[in-house]
Structure formats: structure tokens, C-alpha cells
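The first residue of the sequence shown is numbered 1, and numbering continues consecutively from there. On a predicted model such as this, the values are computed, not experimentally measured, just so you know.
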Amino acid sequence: MEKIKLGKTDLKVGRINFGGNVFGWTLDEKQSFEILDAFVAGGFNFIDTANTYSWWVEGNVGGESEAIIGKWMNVRGNRDKMVIATKVGSANGEHGVDVSKAYILKSVDESLKRLQTDYIDLYYTHFDDGVTPVEETLSAYDEIIKAGKVRYIGASNISTPRLIESLDLAEKEGLPQYQTLQPLYNLVERSTYEKDYAPIVEKYELSVLSYFSLASGFLTGKYRSQDDAQKSVRGATAMKYLNDKGLNVLNALDQISSKHKCKPATIALAWLMAQPHVAAPIVSATNKNQLETLFAAPEVILDKEDLVLLSDASK
């Protein structure tokens, strides 16, 4: 299994980053363990979660995903083989977006306890409150990295000015620097990342770990009419892509997946992996058939004709 290095770190990961928001939401603990076992059996090692997953489910408070992952690693005894990313800063039903030092120091200990580990490989600013001075946020990360609680940091939903300010300040003051960026990026939503964030990624040599890599399932091809909205819990979200552009992309995916004898989702992920600096798209699965579709993506090499067809359809 090919591994890729993240940013200027020593973290080496398989090219699929499993999105752990499904744990404690669409998968219960037993089902989560089965999917995690199959993911690792496929040769992959990189799991993404957050301290607020999945507070939106009735009866949940947040942290359920971390707790399931932690219990699984403890039972399997495989913590040293995994690369675990989690996040801080996002809102839940009781707490707003917050990247203050006090909140980060409190939250990291809570995440470590749920994950049943003494360190987090990659710790993200999940959302930026836009108010806390970036020096305060980075100094909090400096403290927990020096304490051995976190190895490296990444950024997700941060404005370009605040991201640049953070990266420059880290360089100037010797504070921890973001090594990865987790943006919304897929075949039907390209412009914001490519126009605003890609130049920053290039300049600071960040690794990109895209979220909504399959556009809430739209790029699997299972949503082709309004009647398909009922096919999953994300069906209604996927409907916003059901327009001329979205259908053009699906048609291109159909052609190329037929050529490569694989599923449209496999091609959509292979396209992401072919983009500069994209290390491992974040994507979830709720059964082993879906996992096999994901596993096939790193093996697909898209040729120039494929890439032009997808680029033209998705512009």
C-alpha cells in the first residue's frame, strides 16, 4: 500500500482518510468496529474525526465518534499503527465556535480521554472564531505539542487572511505551523479551493485532505433525480448538485468508470488524488461494498484524456 507524507511531518498515511463522522451516527459501535477492521485490513491507517461528532444525533452530546475509535483501538491494541486526526473549535448545541487557549487546553484533554490515547497525531482548528488572536491559538498548540499531547496541527475552515496570518506568524515566532489543510473540494465544488486556497497550499507546502470528497454522495451517481433524495440521510443535501453541471460531471464519471471498469465514486476520488498537493481525500463508508469502491481509487491512474474530460465537465 502506497503511503504519502503529510506536509513537513513524519506522518505517512494511506491515500484514503476515513471520515469518522459516521461513528455514533449512521453506524453503531458494533458496525463501526466492523468497518474499521475492514479499513485496516485493506492496508489503510488514517482516521479523521472531531470532538463534536455527532452531537446532532438525538441523544448524543458530541464525542461519540472519538469514543468509538478509542475503544476500538484499545480492544485491537493497534494505536501505534494508526494515524488519528481530530479537531477542536466547532460549535455544538451548547457551545459556539471557539479557538481560545482555554478552550483548546480543555478540549484536547477531553479528546485524549475519549480516544484512550496519550497523543493525537494531527489536531485541527476545525472552525475559526475569527476573534481569538492567532497568536493565542498557536500558543495553545505550542503548549500541547511540547507536552506530548499533539504531534502536528492542521487547519480546516479558516479564512484565507487568517490562514496566511497564522502561517506567517508561526514562521516568524517559531510557533507550530499548520501542516495540512482540510478544505471542501470535489468535482462539483472546485472554485473556492482552487482560486483562494491552492496558492497558499503551494507556497507553504501544505498537504490537502479534502472533505465532502464525494459531494455528500452525489458523485457516487446514485442521485440522478429528485426521487432519489430518499436514498440516504444525505440525499437531500446532494440534491443541490442536481443541475446541468452536476449531470455533466456524472456523465463524464460514467464514461471514465466504464473505461476503467470501476464505480463513478472511485473515479471521483482518483481525480482528487491526481490534483496537486491532495494527499488523502476524506470519505466515509457504511458497508464493506462501499469500502471496496474507495479502496480501488488509489489503484486507478487517470490518463490525460480522462482528466481533460472531467475538468471540462466540472468547470
| field | Short side-chain donor-acceptor distance under 3.5 Å, T125 and Y141 | value | yes

| request: Give a yes or no on whether the backbone of G62 and the side-chain of N60 come within a donor-acceptor separation of less than 3.5 Å. | output: no

| task | Assess whether side chain to side chain contact (heavy atoms under 4.5 Å, CB included) is satisfied between Y178 and L167, documenting all intermediate values. | result | CA-CA 7 Å; Y178 293 127; L167 290 163; 4.0 Å; yes

| SB check K259 D303 (cutoff 4.0 Å) | yes

| Between F39 and F18, ring centroids under 6.0 Å | yes

| field | Between CD1 on residue I144 and CD1 on residue I120, distance to nearest 0.5 Å | value | 7.0 Å

| query | Between Q275 and L272, is there a donor-acceptor pair closer than 3.5 Å when you use the side chain of the first and the backbone of the second? | reply | no

| Carboxylate-amine/guanidinium contact K106 E110, below 4.0 Å | yes

| said: Could you check whether atom NZ of K3 has more than 12 heavy atoms from other residues, nucleotides or ligands sitting under 6.0 Å from it? | reply: yes

| field | Name of the residue among R224, K245, Q255 meeting side-chain contact (heavy atoms from CB on, under 4.5 Å) with L250 | value | R224

| task | Check whether more than 12 heavy atoms from other residues, nucleotides or ligands sit under 6.0 Å from atom NZ of K5, and answer yes or no. | result | yes

| Without hydrogens or angle criteria, can the side chains of D48 and Q182 be said to hold a donor-acceptor pair below 3.5 Å? | yes

| field | Side chain Q116, main chain L112, donor-acceptor under 3.5 Å | value | no

| request: Give a yes-or-no answer on whether the side chains of Y204 and D168 include a donor-acceptor pair shorter than 3.5 Å. | output: yes

| message | As an exercise, state the distance from OG of S284 to CG of N21, rounded to the nearest 0.5 Å. | response | 4.5 Å

| Are there more than 12 heavy atoms of other residues, nucleotides or ligands under 6.0 Å from atom CG of D244? | no

| query | Between the side chain of T9 and the main-chain N/O of L11, is any donor-acceptor distance below 3.5 Å? | reply | yes

| task | Ignoring hydrogens and angles, state whether a donor on the side chain of N51 or H126 is under 3.5 Å from an acceptor on the partner side chain. | result | no

| message | Ignoring hydrogens and geometry beyond distance, is a side-chain donor-acceptor pair present between E66 and T86 at under 3.5 Å? | response | yes

| query | Without hydrogens or angle criteria, can the side chains of Y53 and K87 be said to hold a donor-acceptor pair below 3.5 Å? | reply | yes

| said: Between D121 and R79, does any NZ, NE, NH1 or NH2 come within less than 4.0 Å of an OD or OE carboxylate oxygen? | reply: yes

| message | Tell me every residue that passes salt bridge (charged side-chain N to carboxylate O under 4.0 Å, His left out) with E143, counting only those two or more places apart in sequence or in another chain. | response | K101

| Counterpart residues, side-chain contact (heavy atoms from CB on, under 4.5 Å), relative to W55 (two or more places apart) | T52, N92

| query | Is the backbone N or O of K263 less than 3.5 Å from a side-chain atom of T293, with the two atoms forming a donor-acceptor pair by type? | reply | no

| task | May I ask you to check whether T49 and S65 show a side-chain donor-acceptor distance below 3.5 Å? | result | yes

| remark: Taking every heavy atom of Y197 against every heavy atom of I158, the minimum-distance pair comes out as OH-O, 2.6 Å

| said: With side chain to side chain contact (heavy atoms under 4.5 Å, CB included) as the criterion, how do M73 and I84 come out once you've worked through the C-alpha distance, each side chain's angles and the decisive distance to 0.1 Å? | reply: CA-CA 10 Å; M73 289 192 297; I84 302 297; 3.8 Å; yes

| Between F295 and F44, ring centroids under 6.0 Å | yes

| field | Under-4.0 Å salt bridge between D142 and K146 | value | yes

